[in-house]
Amino acid sequence: MNYQKLVNYINNQLFLYDNPVILHRPVFSGNEKEYLSECIDSNFVSSVGQKVIDFENQISEFTGVKKSIATVNGTAALHMALQLVGVTPDTEVITQPLSFVATCNAISYCNAVPVFVDVDKDTMGLSPEKLETFLKLNVELTSDGSINKVTGKKISACVPMHTFGHSCRIDEIVEICNAYKIPVVEDAAESLGSYYKGKHTGTFGTIGVFSFNGNKIITTGGGGMLVTNDTDLAARAKHLTTTGKKPHPYEYFHEEIAYNYRLPNLNAALGCAQMEQLQGFLKEKRTLAEKYRHFFEKTDITFVLEPENAVSNYWLNAVILADRKERDAFLKETNDNGVMTRPIWTLMNKLPMFQHCQAGDLSNAEWLEDRVVNIPSSVPTPKPE
Ligand SMILES: *Cc1c(COP(=O)(O)O)cnc(C)c1O
């Protein structure tokens with residue numbers, strides 16, 4: 001394909017007016033400034049304040065969970081979620097090799113080790129079939145949970161991820177993990193506004209985690225959220241992310257080594273304003289994805305569509321090139337012509353920190369790594385004056 005056609009299409013048809021056209025920029029066209037001013041005027045700018053409570057409630061209501069706990073970023077939320085479901089040092093956590101590095105970093109912060117299981121090609125998320133095969137082959141179910149026969153270590157959690165906002169087959173994954181007594185933490189950092197079989201992503205496992213980094217579908221500058229239907233776990237999460245302080249009007253008594261991972265009120269103010277716009281963003285993103293679908297239909301490039309049974313937020317659009325050579329040519333031509341495109345992540349099992357980790361057959365992840373490229377996906381806005 002002549003990639004210049006794509007460059008022209010993006011530059012002239014999609015109302016993405018950045019120059020160069022970037023992958024994803026935030027849109028602040030709601031009550032952001034007003035809510036920030038409220039925080040400043042009230043002096044509540046830090047880790048306590050009404051905006052934090054409001055933002056948590058908005059996320060609970062939107063995703064349909066009982067409790068949400070805001071954190072400084074998504075990585076911190078993942079770290080806490082893993083600790084809360086019982087990931088202890090010297091245990092193992094099953095995850096997919098195709099993810100942003102934060103997933104494996106959070107596992108490492110618990111002094112646990114990632115174990116890599118392949119993804120499905122259509123969802124780009126953890127494959128239930130490959131997971132079941134891996135567990136059957138490697139794991140012995142004991143009264144203490146699932147023990148990896150190869151390493152002798154306990155498998156203390158499983159972390160599937162909803163890649164670019166496309167849901168993985170999360171119901172099957174949870175069912176398999178339940179049978180093996182492995183708690184599921186969903187890395188839903190990219191999938192706010194994405195559903196599987198009518199249920200919001202992040203709400204299938206014991207805990208789900210969202211990110212509100214600057215490039216995500218809504219942003220708080222930096223921020224994250226744990227969501228859960230387990231009210232005891234939620235209380236523990238709040239405790240652990242707020243220095244473990246025993247509630248008291250004035251005394252400082254801390255019950256355990258805990259964290260200062262609370263989201264500042266200023267950031268939560270942005271979150272409240274962004275949540276008011278989320279439905280609009282989702283609609284615009286679906287329209288943009290629809291335009292891309294039409295465009296790529298007439299080419300030999302595959303545009304990634306939402307998987308069966310899923311409604312995706314289309315956070316980051318992606319295409320699949322014929323092979324690595326085509327991928328590299330596509331990346332060069334687009335980036336040289338003012339259209340930012342980026343390859344999917346280098347597989348985690350190829351990074352120096354994780355290359356020693358146990359891995360199953362990763363052929364789908366390797367296939368995708370060679371071919372998937374993200375293309376500009378911002379919410380289109382009116383042309384600036
Ligand atoms: C963005 C992201 C995170 C981490 O979020 P931060 O808020 O940047 O810490 C974790 N996992 C995935 C898959 C992400 O895309």
Side-chain angles (χ1 to χ4, degrees), residues 35-36 38-61 63 65-91 93 102 105-112 144-145 154 156-157 159 183-187 189 202-203 205-213 220-272:
Y35 294 169
L36 282 172
E38 282 176 29
C39 294
I40 293 166
D41 293 343
S42 71
N43 288 337
F44 279 94
V45 294
S46 197
S47 53
V48 174
Q50 189 58 38
K51 294 297 181 205
V52 175
I53 297 164
D54 291 347
F55 185 39
E56 290 175 341
N57 289 339
Q58 279 173 295
I59 292 287
S60 293
E61 192 179 325
T63 60
V65 291
K66 286 202 183 123
K67 289 282 174 189
S68 300
I69 298 92
T71 57
V72 281
N73 56 53
T75 312
L78 274 174
H79 178 197
M80 290 300 91
L82 292 170
Q83 197 159 315
L84 286 162
V85 301
V87 176
T88 49
D90 220 27
T91 62
V93 176
N105 278 345
I107 295 167
S108 307
Y109 300 160
C110 298
N111 292 310
D144 190 33
K154 180 177 170 170
S156 56
V159 189
V184 173
V185 169
E186 279 178 81
D187 185 342
T203 69
T206 309
I207 302 179
V209 165
F210 296 104
S211 165
F212 312 113
N213 191 34
T220 58
M225 192 77 76
L226 290 105
V227 297
T228 183
N229 284 314
D230 183 328
T231 47
D232 291 336
L233 266 188
R236 283 274 304 137
K238 179 90 81 177
H239 193 66
L240 207 55
T241 53
T242 54
T243 67
K245 185 176 176 293
K246 199 175 167 189
H248 190 280
Y250 43 83
E251 296 231 40
Y252 292 103
F253 189 84
H254 299 268
E255 300 173 309
E256 61 188 309
I257 292 177
Y259 301 84
N260 177 16
Y261 276 178
R262 197 88 165 106
L263 184 73
N265 207 42
L266 277 175
N267 301 77
L270 278 181
C272 291

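We count residues from 1, following the sequence as given.
For the residue pair S60/S68, the side-chain donor-acceptor check at 3.5 Å is satisfied.
Other residues, nucleotides and ligands contribute over 12 non-hydrogen atoms within 6.0 Å of the NZ atom of K245.
Counting only distance, with no hydrogens or angles, the side chain of E186 and the backbone of G208 share no donor-acceptor pair below 3.5 Å.
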Worksheet item: Given the rule in the side chain to side chain contact (heavy atoms under 4.5 Å, CB included) test, do R236 and D230 qualify, once you have shown the distances and angles that lead to the verdict?
Response: CA-CA 10 Å; R236 283 274 304 137; D230 183 328; over 6 Å; no
Item to complete: With side chain to side chain contact (heavy atoms under 4.5 Å, CB included) as the test, would you mind laying out the steps for H79 and Y259 before giving the verdict?
Response: CA-CA 10 Å; H79 178 197; Y259 301 84; 3.6 Å; yes
Worksheet item: Should K67 and N229 be marked as a side chain to side chain contact (heavy atoms under 4.5 Å, CB included) after you check the CA-CA gap, both sets of side-chain angles, and the distance that decides it?
Response: CA-CA 6 Å; K67 289 282 174 189; N229 284 314; over 6 Å; no
Fill in: side chain to side chain contact (heavy atoms under 4.5 Å, CB included) evaluation trace for N111 with D90
CA-CA 6 Å; N111 292 310; D90 220 27; over 6 Å; no
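With F55 as reference, T220 is the one residue of N267, T220, L270 to meet the side chain to side chain contact (heavy atoms under 4.5 Å, CB included) rule. A side chain to side chain contact (heavy atoms under 4.5 Å, CB included) with T75 is found for exactly one of N73, V72, L78, namely N73. Between D54 and the choices Q58, K51, Q50, the side chain to side chain donor-acceptor pair (under 3.5 Å) rule is met once, by Q50.
With a 4.5 Å cut-off on side-chain heavy atoms, V52 and R262 count as touching. A heavy-atom distance below 4.5 Å is found between the side chains of L226 and L84. In this structure, T228 and V65 have side chains that are not in contact, with every pair of non-hydrogen atoms separated by 4.5 Å or more.
Counting all heavy atoms, side chain and backbone alike, S156 lies closest to G86 at CB-O, 3.7 Å. Listed here is the closest heavy atom pair of G244 and A258: N-CB, 3.3 Å. Closest approach of G223 and L263 over heavy atoms only: CA-CD1, 3.7 Å. Closest heavy-atom contact between E251 and H248: N-ND1, 3.0 Å. Contact detail for L82 and A157: the closest heavy-atom pair is CD2-CB, 4.3 Å.
Atom OG of residue S47 and atom CG of residue N265 lie 9.0 Å apart, to the nearest 0.5 angstrom. Taking CD1 of I257 as the start and OG1 of T243 as the end, the distance is 12.5 Å to the nearest 0.5 Å. For the atom pair CD1 of I207 and CE of M80, the computed distance is 10.0 Å after rounding to the nearest 0.5 Å. Distance CD/E56 to CD1/I69: 6.5 Å, rounded to 0.5 Å. Atom NE2 in H254 sits 9.5 Å away from atom NE2 in H239 (nearest 0.5 Å). Summarising the geometry, atom OG belonging to S46 is positioned 8.5 Å from atom CG belonging to L266; distances are rounded to the nearest 0.5 Å.
Every side-chain hydrogen bond (donor to acceptor under 3.5 Å, both in side chains) that Y35 has, sequence neighbours left out, goes to N31, E276.
In this structure, F212 and F210 have parallel ring planes: the angle between them is below the 30° cut-off, well short of the 60° mark.
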